[in-house]
S.K.: 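To start, I am sharing the structure in question, which I have written as structure tokens.
The first residue of the sequence shown is numbered 1, and numbering continues consecutively from there. For the numbers below, each heavy atom of this structure counts, side chains included, while hydrogens, waters and symmetry mates do not.
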Amino acid sequence: PATVALGGIRDGHVRLGGRVTVFSLGAIGLMAVQLARVAGASWVVAVDPIDSRRAVAQQTGCDLVLDPTQVDAGLAIRQALGSKGVDVSLETSGNAQALHHAVRGLAFGGTVAILAWYNEFKGGLDLGREAHINRPTFVFTRAESEPHRDHPRWNNRRLADAAWDVLTSGRLHCKPVVQPIVAFDDVVAAYQEIDAHPERSVKLGVRFKG
């Protein structure tokens, strides 16, 4: 997750002093929230419908968390910034409505870095008036696909090494992201629980014996 998130941070050109939104707070999104800070972002907002995931984002340095089922996320982002919008939106959910609000909350000429793998959209994405006015740049980032945008200087190995360096430096807080943690023998039941109740997990951890 940290490697994929770092690919989005790099390809989206998150910079010192930038304003960033992260859509969806699974492990990749929660790593992206923290990596945006490491990259120098001055303001980070996170958007997710699940309470426990928003709580982790708050613990790990978000300035604002939004529940997209309760507010117009794109509008709320702009209102929080005096209608200016963010420089970069990182979309990690693969959801059409999330992509719509990533554009809606974007500043003029900003970038939407798409980390998710999308299926065919059946509705929820409007590339009409706001997209034409905001003039977003869409960047599809695939951290595990080569060649990278910075080929040949960057490849899968270098990206993974860079992510590992950040992890081992202690600049990312991973403990609250890994929940629940279950014994190996309970993995099948845990996956069934996650499938039925996604709100009860962030990123499944497995405890192996000896």
S.K.: Could you list the residues that satisfy side chain to side chain contact (heavy atoms under 4.5 Å, CB included) with F108, not counting sequence neighbours?
M.R.: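 Checked F108 against side chain to side chain contact (heavy atoms under 4.5 Å, CB included); matches are R135.
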S.K.: Given a cutoff of under 4.5 Å between side-chain heavy atoms of I, L, V, M, F, W and Y, with clusters grown through shared members, what are the other residues clustered with I181?
M.R.: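 Members alongside I181: V178.
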S.K.: In the hydrophobic clustering (ILVMFWY, side-chain contacts below 4.5 Å, transitive), which residues join I114, or is it alone?
M.R.: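 Under the 4.5 Å side-chain rule, I114 groups with F23, W43, V45, V47, L64, L66, V71, I77, L81, V86, L99, V103, L106, V112, Y118, F121, L125, L127, F138, F140.
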S.K.: Rounded to the nearest 0.5 Å, what's the gap from CG on L6 to CD1 on I28? Could you check?
M.R.: 12.0 Å
S.K.: I'd like to know if R142 pairs up with D11 as an ion pair, taking the criterion as any Lys NZ or Arg NE/NH1/NH2 lying under 4.0 Å from an Asp or Glu carboxylate oxygen.
M.R.: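 So R142 does not pair with D11 through a salt bridge.
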S.K.: Return each pair, listed once, that meets salt bridge (charged side-chain N to carboxylate O under 4.0 Å, His left out) where at least one residue sits in residues 71-93; pairs must be two or more places apart or across chains.
M.R.: D72-R104
S.K.: With sequence neighbours excluded, give me every ring pair (Phe, Tyr, Trp, His ring centres under 6.0 Å) pair touching residues 167-197.
M.R.: F184-F208
S.K.: Quick test of your reading: applying side chain to side chain donor-acceptor pair (under 3.5 Å), list the pairs with at least one residue in residues 44-54, sequence neighbours left out, ordered by first then second residue.
M.R.: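 Sorted pair list: D51-R54.
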S.K.: Under the side chain to side chain donor-acceptor pair (under 3.5 Å) rule, what pairs show up with a residue in residues 12-39, not counting sequence neighbours?
M.R.: R37-D63
S.K.: For A57, which residues count as a side chain to side chain contact (heavy atoms under 4.5 Å, CB included) partner, sequence neighbours excluded?
M.R.: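 Testing A57 for side chain to side chain contact (heavy atoms under 4.5 Å, CB included), a comparison that skips the adjacent residues, returns L25, L30, A46, C62, V65.
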S.K.: Going by side chain to side chain contact (heavy atoms under 4.5 Å, CB included), name the residues that satisfy it together with Q79, two or more places apart in sequence or in a different chain.
M.R.: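 For Q79 the side chain to side chain contact (heavy atoms under 4.5 Å, CB included) partners, ignoring immediate neighbours, are L75.
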S.K.: Checking R171 now: which residues fulfil salt bridge (charged side-chain N to carboxylate O under 4.0 Å, His left out) with it, not counting sequence neighbours?
M.R.: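 Salt bridge (charged side-chain N to carboxylate O under 4.0 Å, His left out) check on R171 returns nothing, list empty.
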S.K.: Taking the hydrophobic residues Ile, Leu, Val, Met, Phe, Trp and Tyr, and joining any pair whose side-chain heavy atoms are under 4.5 Å apart, which ones share a cluster with V139?
M.R.: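 V139 clusters with nothing; isolated.
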S.K.: My understanding is that only residues two or more places apart in sequence, or in another chain, count here; which of them pass side chain to side chain contact (heavy atoms under 4.5 Å, CB included) with T69?
M.R.: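 With neighbours one apart ignored, the set is P49, D67.
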